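Proteins get letters first, then strands, A, B, ... in listed order; numbering begins at 1 in each. Worth saying up front: this structure is predicted, and the values here are computed from it rather than measured.
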Amino acid sequence: EPEVTQTPSHQVTQMGQEVILRCVPISNHLYFYWYRQILGQKVEFLVSFYNNEISEKSEIFDDQFSVERPDGSNFTLKIRSTKLEDSAMYFCASSTRPNAEAFFGQGTRLTVV
Amino acid sequence: AQSVSQHNHHVILSEAASLELGCNYSYGGTVNLFWYVQYPGQHLQLLLKYFSGDPLVKGIKGFEAEFIKSKFSFNLRKPSVQWSDTAEYFCAVNVGAAGNKLTFGGGTRVLVKP
């Protein structure tokens, strides 16, 4: 069964450092997403991406965040200068079209120290 | 902005008991509704979804959910749970005909005792 894969599963970084979280969406999917879940809080939408551009983003997704599809298979989330409050589980997801079922990866647990 | 609330944070029940998890959303327009499940150590998986049509939706593993538009609710049910249903359950809403983001409820942790 096709699945969304995310690497790494865990990432520890120092405050102020840049991190790149990587995702390989399902191959025939066209819509890509990042969500995050801070410990004890709700899963929150960060950004959606289609046709090589951001289609929607939340207020969380400020200038410190960026997304990219550098090749035909990867979808990355970059946090330019991490803050303690960026510590969370980050989930990548993909779908065939908007409002269709989103398939989620297993997540990357990011810890900023 | 839309919001989703799940009534219970934690539910503990015994095998063969019936399960009902509440979900309410706040949005007056067209909505697409989802229940996702996250088993321990695994990724979010879709249990069932409602886009239109019959408001009683059947999903995988014996789960069903009923959309009641007048109550803005989409409650999840299973008549007889198994130990393997131990997981966290998330209700989510996607608004509009081309909505491309999910708004999640806070999740309900379900523990089924053998």
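By the rule that hydrophobic residues join a cluster once side-chain heavy atoms approach within less than 4.5 Å of another member, B:Trp83 and B:Leu13 end up as members of separate clusters. In terms of hydrophobic clustering, with Ile, Leu, Val, Met, Phe, Trp and Tyr side chains grouped at heavy-atom distances under 4.5 Å, B:Tyr27 and B:Tyr50 are assigned to a common cluster. Both A:Met89 and B:Leu44 are assigned to one and the same hydrophobic cluster, defined by single-linkage of ILVMFWY side chains at heavy-atom distances under 4.5 Å. Criterion: ILVMFWY side-chain heavy atoms under 4.5 Å apart, direct or through other members. Under it, B:Leu56 and B:Ile60 are not part of a common hydrophobic cluster. Using a 4.5 Å cut-off between side-chain heavy atoms of Ile, Leu, Val, Met, Phe, Trp and Tyr, with links allowed through other members, A:Phe65 and A:Phe32 fall into the same hydrophobic cluster.
Between the CG atom of B:Leu102 and the OH atom of A:Tyr33 there is a distance of 7.5 Å, given to the nearest 0.5 Å. B:Lys101 NZ to A:Ser55 OG: the interatomic distance, rounded to the nearest 0.5 Å, is 11.0 Å. Rounded to the nearest 0.5 angstrom, B:Leu47 CG and A:Glu101 CD are separated by 10.5 Å. Note that CD of A:Gln6 and NE2 of B:His43 are 10.5 Å apart. Values are rounded to the nearest 0.5 Å.
Neither the backbone nor the side chain of B:Gln45 has a heavy atom closer than 4.5 Å to any heavy atom of chain A. Neither the backbone nor the side chain of A:Tyr50 comes within less than 4.5 Å of any heavy atom of chain B.
In this structure A:His29 satisfies the ring-ring contact (aromatic ring centres under 6.0 Å, His included) test together with A:Phe103, sequence neighbours excluded.
Listed for the B:Tyr36 side chain is a donor-acceptor partner under 3.5 Å among the backbone atoms of A:Ala102.
Atom NZ of B:Lys113 has 12 or fewer heavy atoms from other residues, nucleotides or ligands within 6.0 Å. Atom CZ of B:Arg77 is surrounded by more than 12 heavy atoms from other residues, nucleotides or ligands within 6.0 Å. For A:Gln14, the CD atom counts as loosely surrounded, since its 6.0 Å shell holds 12 or fewer non-hydrogen atoms of other residues, nucleotides or ligands.
Against chain B, the residues from residues 104-113 of chain A that qualify, each with a non-hydrogen atom under 4.5 angstrom away, are A:Phe104, A:Gly105, A:Gln106 in number order. Residues of residues 36-49 of chain A having a heavy atom under 4.5 Å from any heavy atom of chain B, listed by number: A:Gln37, A:Lys42, A:Val43, A:Phe45, A:Ser48. Residues of residues 69-80 of chain A lying within less than 4.5 angstrom of chain B, judged on heavy atoms, are absent.
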